[in-house]
Amino acid sequence: MALIDVGRVRQETAGVERVAHLNNAGSALPPRRVVDTVVEHLRLEEQIGGYEAASAQSERIEHTYDALARLLGAGRDDIAVVENATRAWDMAFYSLPWTAGDRVLTARAEYASNAIAFLQTARRHGIHVDVVPDDEHGRLDVDALRSMIDDRVRLIAITHVPTQGGLVNPAADIGEVARQAGVLYLLDACQSVGQMPLDVAEIGCDLLSGTGRKFLRGPRGTGFLYCSPRIREQLEPPFLDLHAATWTSPDTYRIRSDARRFENWETSLAGKIGLGVAVDYALDLGLEAIEERVTRLAAALRARLRDLPGVQLHDRGLRQCAIVTFTVDGHDSQDIARALRAEGINVSVSVADSARWDFEPRALTSVVRASVHYYNTDAEIGRLISALPAPAPGRALG
Ligand SMILES: *Cc1c(COP(=O)(O)O)cnc(C)c1O
């Protein structure tokens with residue numbers, strides 16, 4: 001495994017000159033070549049016309065599917081490119097033919113938008129949403145999951161890495177349970193893709209959603225869905241248009257057979273091409289090398305935070321990733337993030353209403369989230385540590 005040349009990747013990242021960007025779980029700084037690619041395509045649209053630019057750049061557009069397929073160990077026909085991870089996940093989830101009494105098994109760390117979709121479908125179709133308990137490390141408890149399977153379970157839907165902490169759920173062990181039970185498995189890989197190697201065969205998921213702008217460092221407004229060829233033709237997308245289907249006679253249509261049945265026609269082609277460039281960039285560095293560096297930087301950050309009086313760390317899990325969450329006694333997390341921003345240090349805040357099943361049992365209202373990427377440095381971590389306020393009496397304020 002070749003180590004990451006930090007000097008080079010920083011040279012190729014314009015934003016590192018301006019900010020210590022520790023908000024990579026929000027939206028990472030893109031490499032210069034991703035931005036150049038997007039801008040070049042917009043310029044081409046300006047100069048020769050949007051449809052003409054698309055046809056001139058069709059190979060680059062198609063390349064994005066090959067790049068994502070390589071990233072995930074999938075086939076190019078298994079990939080849909082859409083505007084974000086939520087829409088990718090929704091297209092999968094709302095494709096399932098729900099009937100009253102069906103069960104979904106999910107985890108405490110589930111993303112808020114997914115939970116809202118479960119609740120809506122429970123109201124509309126009478127499905128049951130069962131949250132699998134955590135194990136002693138705060139991960140989904142795989143034995144509990146296994147014991148909860150029965151013939152009403154239609155779907156296991158899990159968030160691999162939550163937005164609100166360093167936890168990594170045991171995705172492949174969950175895949176093994178899904179496979180043995182013959183239950184569909186939808187993995188929200190939004191925070192894991194781009195920071196660690198992912199292989200859909202190894203994980204054993206049928207469906208996987210991801211976004212462009214987070215650890216993949218792609219353009220905003222891009223996301224993707226992997227759909228296994230085994231189940232693709234059984235899933236009828238909730239929306240169809242003239243791209244997802246063909247109007248075959250005045251009274252009939254035929255849905256496409258590849259995963260692009262989950263796409264829609266109009267999209268940002270500049271973004272789509274830029275996403276492919278971002279994926280190539282990650283693949284060139286190597287996902288093992290990326291994981292090694294982000295894990296090491298995050299562990300170093302946690303170690304330094306642990307040494308500070310009045311600072312509480314909130315990351316769970318046995319294996320912890322690039323997302324670091326903490327509170328400082330007597331300080332509001334939003335105030336901390338604002339003060340850091342004024343110093344040119346970007347972090348974000350995770351609040352309870354984006355993680356109710358996770359935060360409420362732990363009595364957490366909000367936490368500061370510092371998420372590192374491979375282009376961050378120990379010096380930037382040092383800047384964050386020095387800029388934190390001294391603890392004040394009392395617990396962290398909501
Ligand atoms: C950010 C995030 C999403 C949503 O991604 P979008 O691209 O904003 O739709 C979904 N799941 C998790 C775990 C996330 O962190």
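Here, residue 1 is the first one in the sequence, and each next residue gets the next number. Whatever order the structure lists them in is the order used to number ligands and atoms, beginning at 1. For clarity, every value in this text was computed on a predicted model and none was experimentally measured.
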query: What do you reckon, are the aromatic ring centroids of Phe118 and Trp89 less than 6.0 Å apart?
result: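 When the ring centroids of Phe118 and Trp89 are compared, they turn out to be within the sub-6.0 Å range.
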task: Measure centre to centre between the rings of His314 and Phe326, then say whether the value is under 6.0 Å.
output: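 Between Phe326 and His314, which both carry aromatic rings, the centre distance is not below 6.0 Å.
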Pull out every atom of ligand 1 sitting under 4.0 Å from any heavy atom of [X], numbered as shown with elements.
| X | value |
| --- | --- |
| Thr86 | 4 (C), 5 (O), 6 (P), 9 (O) |
| Cys190 | 1 (C), 2 (C), 3 (C), 4 (C), 5 (O), 10 (C), 11 (N), 12 (C), 14 (C) |
| Asn84 | 6 (P), 7 (O), 9 (O) |
| Gln191 | 15 (O) |
| Thr159 | 13 (C) |

Taking [atom] as the reference point, the nearest protein heavy atom with its distance:
| atom | value |
| --- | --- |
| atom 7 (O) of ligand 1 | Thr211 OG1, 2.6 Å |
| atom 11 (N) of ligand 1 | Asp188 OD2, 2.6 Å |
| atom 2 (C) of ligand 1 | Lys214 NZ, 2.4 Å |

- request: Classify the contact between Val161 and ligand 1 as side chain, backbone, both or neither, using a heavy-atom distance cut-off of under 4.0 Å.
  value: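 The answer is the backbone.
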message: Name the residue from Arg316, Arg362, Arg139 that meets the salt bridge (charged side-chain N to carboxylate O under 4.0 Å, His left out) definition with Asp134.
response: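 Considering Arg316, Arg362, Arg139, a salt bridge (charged side-chain N to carboxylate O under 4.0 Å, His left out) with Asp134 is found only for Arg316.
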- request: If the plane angle is over 60° it's perpendicular, under 30° parallel, otherwise tilted; pick one for Phe93 and Trp98.
  value: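 If you compare the ring of Phe93 with that of Trp98, the planes turn out tilted.
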Residues Arg232, Asp77; criterion salt bridge (Lys or Arg N to Asp or Glu O under 4.0 Å); working and verdict: CA-CA 10 Å; Arg232 201 153 63 216; Asp77 288 346; 5.2 Å; no
field: Cationic N near anionic O, under 4.0 Å, Asp206 to Arg230
entry: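 Yes, charged N to carboxylate O under 4.0 Å.
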field: Six-ring centre of Tyr65, Arg260 cation under 6.0 angstrom, axis tolerance 45°
entry: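 Checked: cation-pi criterion met.
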- prompt: Would Arg302 and Asp315 count as a salt bridge (Lys or Arg N to Asp or Glu O under 4.0 Å) if you check the C-alpha gap in whole Å, the side-chain angles of each, and the deciding distance to 0.1 Å?
  reply: CA-CA 9 Å; Arg302 281 189 205 98; Asp315 299 317; 2.8 Å; yes
message: In this structure, does ligand 1 have an atom that sits under 4.0 Å from one of the heavy atoms of Arg213?
response: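 Heavy atoms of Arg213 do come under 4.0 Å of ligand 1.
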query: Ala85 to ligand 1: N or O pair under 3.5 Å?
result: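 The answer is yes, given that Ala85 and ligand 1 share an N or O pair closer than 3.5 Å.
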